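Below, chain A is the first sequence line, B the second, and so on; all start at residue 1. All of these numbers come straight from a predicted model, not from anything done at the bench.
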Amino acid sequence: MLVRPYGDTRDDGVIQFSFTLPIAYSIKAADVGKQFLERLGFHTVGIAECKAIDPEYTFYVAYGRTDSGIDPDAVKGDYLEVEEMDYYSINALIKEKLGRKLSVVGAAIESDAHTVGIDAIMNMKGFAGNYGLERYPEMDALNLGSQIPCAQLLKTALERDADAILVSQIVTQKNIHVQHLTQLIELLEAEGVRERFVIVVGGPRINNAFAKELGYDAGFGPRTTPLEVAAFLAQEVVRRHEEA
Amino acid sequence: MNDALRLNGALVDRARAAADAIADDIQQHIDEHTTDTTERATLRLLGIAGVNEIDVPLVNVVVEQGRELLSGGIMRPFVDLMLRAGKSAQQAAEGVAAGELALAEVPGERRAAAEARAEELAREGVARIDAVRRRRNELVAQTGEAVKPYVYVIVATGNIYEDAVQAKAAARAGADVIAVIRTTAQSLLDYVPYGETTEGFGGTYATQENFRLMRAALDDVGAELGRYVRLCNYASGLCMPEIATMGALERLDMMLNDSMYGIIFRNINMERTFVDQYLSRLINARAGIIINTGEDNYLTTADAFEKGFTVVSSDFINEAFALRANLEPWQIGLGHAFEIDPAKPDQVVYQIADAQLVRELFPGYPLKYMPPTKYMPGDIFHGHIIDGMFNFTGIFTGQEIMLLGMPTEALHTPLLQDRYLSIKNAKYVFEACRDLASEVTFKPGGMIERRANEQLQKAAEQLEEVREIGLFEALSRGMFADVKRDPKGGRGGEGVFHIAADYFNPFFAALREGRLSGAPVGPPPGASVSGEEGGH
């Protein structure tokens, strides 16, 4: 069944917009914005704000309606399927099924100097009320921090005989993260150790499908909690252990 | 609202005494060492610029060639070389790069002449910095001075020309300070790139030419607005004093310039960083630059509610180092941040306590208050409100440099409209609440007073512990930001040299002698713009 945006009435199709056009404000600026939105296919366009934010730029807040809809059931994708688990059941699963600690090494690789993502997932304290991986008694988690060359990350993972590698990429300007992420997979493949590890990437511009495309086992986007990552790692490592 | 919190004065004295002892201990280490970037900055202060045919800066070429001589300082052998060859500093450096000239140990009979000439050159170098500072004073007096708190925003396109467009738009919307964020990892380059740049990752290269281009853009828009617009960059990383030199020469007005940030957050060797921060701060002091310290970062790794006091202790340490590097209080923008989890009940009450505490501990200092980042949601509407509470806390507690939060924090570099909306948010709150603080008092024994005094107590105790074990050990135990660093580890350790008894660098004395004093003074904004009614 098709659904449309819901403003205040079912199927009214209302969407709100804010954008800037590189034009000087003038008496016709509101019409420029309105016609632009009509060109995108919206109707009943209302310009709520139209203001010069600079001599050469005009800012808009606007509303428009769409007749288009979408069928949620028709949306298919490569979504990460992880069974929801809590902190205790994750630890219990590892203890019972793996029989040893699950070893994981994490880093923000290459030029990325931002530890905020990897810290949120790995550090003791965690994020949003969720403990980080370091807190899990059944995990041996090492956070290498930022700007770790791929080769160093791999060396550490091999030395510790890690089950999993976590990679964070925060800086995405000019798609630098894609270069870095590809570099790591190529290194692992060149060394013939790709299959030894569960490899996971996280970052603001990462999703599972994209991560898979790059050769990772899973990808986590914004607002991911340590719990979600821990549950995936435990289930995946145990699965592989049982298969082996 | 001075003494609004009825702070325990004995604790303040204990904290400051401990910080003084900590800084004195490290100052001994500083006075016994030099670094490659300190020596390169010395050459830059002589006016040397440019790169060789493979883009290595000439100052790096010269210092590399003189590596064996560094324990005595680069100045004596370099000036001796100038005298022997009959060349200017720039020509001599070019000669070294071309392989035509070589540095050598200076024999006894030539020392006096080389040293005398070096002292003259140091005075000339410092005079160039003074001229730039005077020019700032003149421009502020002519153009107009912003009303505090300064509205501070960031541009970060990677392209200096695009940055200039965004910076001008931000200034027109009301920004008083523009910081050009550096490209990621520049802090770990052991040289300063050269020339204008149009490509960067997450920011724009800090180069002297980029500084000059942005300075010119801000001077233009400042004249248009009748308000001097300040320029900020980062004297941090492996080239702290060199970037300070460039900023002093190109009239930057602010520099991120922390004594410990590089150690904690960039894993730069601590023995090096303490030495580097000293010369960089002496230069900033001379140039009339306001430094910003980076304590806000602690609260992105450690929890802001539990570890808020570490910001206070670090502010005391940064203050002690800054005063030892000749900075005046008006130049010392100590940092702190609004990072307590917004989901915590009474979050803003605690933020007010922490912000007011820092305000009262450092009167006369232009505190740098940093916006929420850690808990900013993807819901930009909600984020905008959290930023509004940050702005409210800032104006209510008398912060002077407000780095504005952006509704799209952590989503992408700010859009033109994000900056406009943030500035509008801040201007509204600042004007709407301008005199609120002078109208209210904090309840004696209330939550705010108790929280502030408790944080002060913890800070004083932490500082006393650091004094006992030493700052190197404290950093290796992760006492700041929950990050542990090995005193011998980290990047750039190979560039640290124990100095010889005859170490010679006349800039250290020259930078202190006859320094200009005081902040620039100007008329209120807009006063000098003539003929136009009401601006845009």
Side-chain angles (χ1 to χ4, degrees), chain A residues 16-22 24-25 49 51-61 108-120 122-129 132 134 143-149 169-180 203-205 221-224, chain B residues 156-158 165-166 168-174 182-189 199-203 221 224 237 265-267 297 300-303 306-307 341 343-344 373-375 377-381 407 410-413 415-421 423-424 481-485 491 536:
Chain A
Q16 61 188 23
F17 302 88
S18 70
F19 59 95
T20 299
L21 290 179
Y25 175 81
E49 173 88 318
K51 199 171 165 55
I53 60 171
D54 186 87
E56 292 156 44
Y57 298 91
T58 301
F59 173 62
Y60 296 86
V61 176
I109 56 172
E110 297 297 327
S111 66
D112 199 330
H114 299 75
T115 56
V116 56
I118 196 76
D119 286 350
M122 296 197 73
N123 282 9
M124 200 64 90
K125 168 78 190 170
F127 172 69
E134 288 175 355
N143 178 358
L144 294 173
S146 66
Q147 297 190 327
I148 303 301
Q169 285 287 272
I170 302 290
V171 175
T172 55
Q173 222 182 18
K174 303 195 199 304
N175 280 330
I176 181 86
H177 63 305
V178 179
Q179 283 177 40
H180 292 157
R205 294 254 301 270
R223 294 172 296 283
T224 298
Chain B
T157 69
V165 169
Q166 299 224 357
K168 284 180 167 182
R172 289 183 185 117
R182 293 194 300 179
T183 183
T184 188
Q186 181 170 358
S187 56
L188 300 182
L189 296 180
E199 287 274 317
F201 297 108
V221 76
E224 170 193 322
F265 294 96
R266 291 292 178 268
N267 196 15
N297 294 283
T300 59
T301 49
D303 180 74
E306 302 294 330
K307 296 293 181 70
D341 185 348
K344 188 177 182 65
T373 58
K374 190 176 182 177
Y375 293 99
D379 171 357
I380 60 171
F381 305 100
L411 301 179
H412 47 68
T413 51
L415 306 184
L416 207 61
Q417 68 214 36
D418 297 338
R419 233 178 256 114
Y420 161 79
L421 290 169
I423 293 171
K424 193 167 166 181
D482 291 349
V483 176
K484 296 175 183 164
R485 294 302 185 196
R491 296 169 165 97
H536 306 288

Quick check for you: among B:Ala302, B:Gly202, B:Ala171, which has the greatest number of heavy-atom pairs under 4.5 Å with chain A? B:Gly202

Are the side chain of B:Gln417 and the backbone N or O of A:Thr20 linked by a donor-acceptor pair below 3.5 Å? yes

Calculate, to the nearest 0.5 Å, the distance between atoms CZ and OG belonging to B:Phe381 and A:Ser18 respectively. 6.5 Å

Walk me through it: do A:Asp112 and B:Phe201 pass the test side chain to side chain contact (heavy atoms under 4.5 Å, CB included)? CA-CA 9 Å; A:Asp112 199 330; B:Phe201 297 108; over 6 Å; no

With only heavy atoms counted, which part of B:Ile423 is less than 4.5 Å from chain A, the side chain, the backbone, both or neither? neither

Under 4.5 Å from a heavy atom of chain B, the part of A:Pro222 involved: neither

OG (A:Ser111) and CG (B:Leu189) are apart, to the nearest 0.5 Å, by 10.5 Å

Counting heavy-atom pairs closer than 4.5 Å to chain A, which one of B:Asn267, B:Thr300, B:Leu416 comes out on top? B:Leu416

Heaviest contributor of heavy-atom pairs below 4.5 Å to chain A, chosen from B:Thr183, B:Leu188, B:Thr373, B:Val165, is B:Leu188

Knowing that exactly one of B:Lys168, B:Gln166, B:Arg172 qualifies, which makes a side chain to side chain donor-acceptor pair (under 3.5 Å) with A:Asp54? B:Arg172

Which atom of A:Gln147 lies closest to which atom of B:Arg491, heavy atoms considered: O-NH2, 3.3 Å

Salt bridge (charged side-chain N to carboxylate O under 4.0 Å, His left out) filter on B:Asp379, not counting sequence neighbours, yields none

Based on non-hydrogen pairs under 4.5 Å, which of B:Gly200, B:Ser187, B:Ala156, B:Gly158 is most in contact with chain A? B:Gly200

Within the 4.5 Å heavy-atom criterion, are B:Leu415 and A:Phe19 side-chain neighbours or not? no

Engaged part of A:Arg205 at the chain B interface, taking heavy atoms whose separation is under 4.5 Å: neither

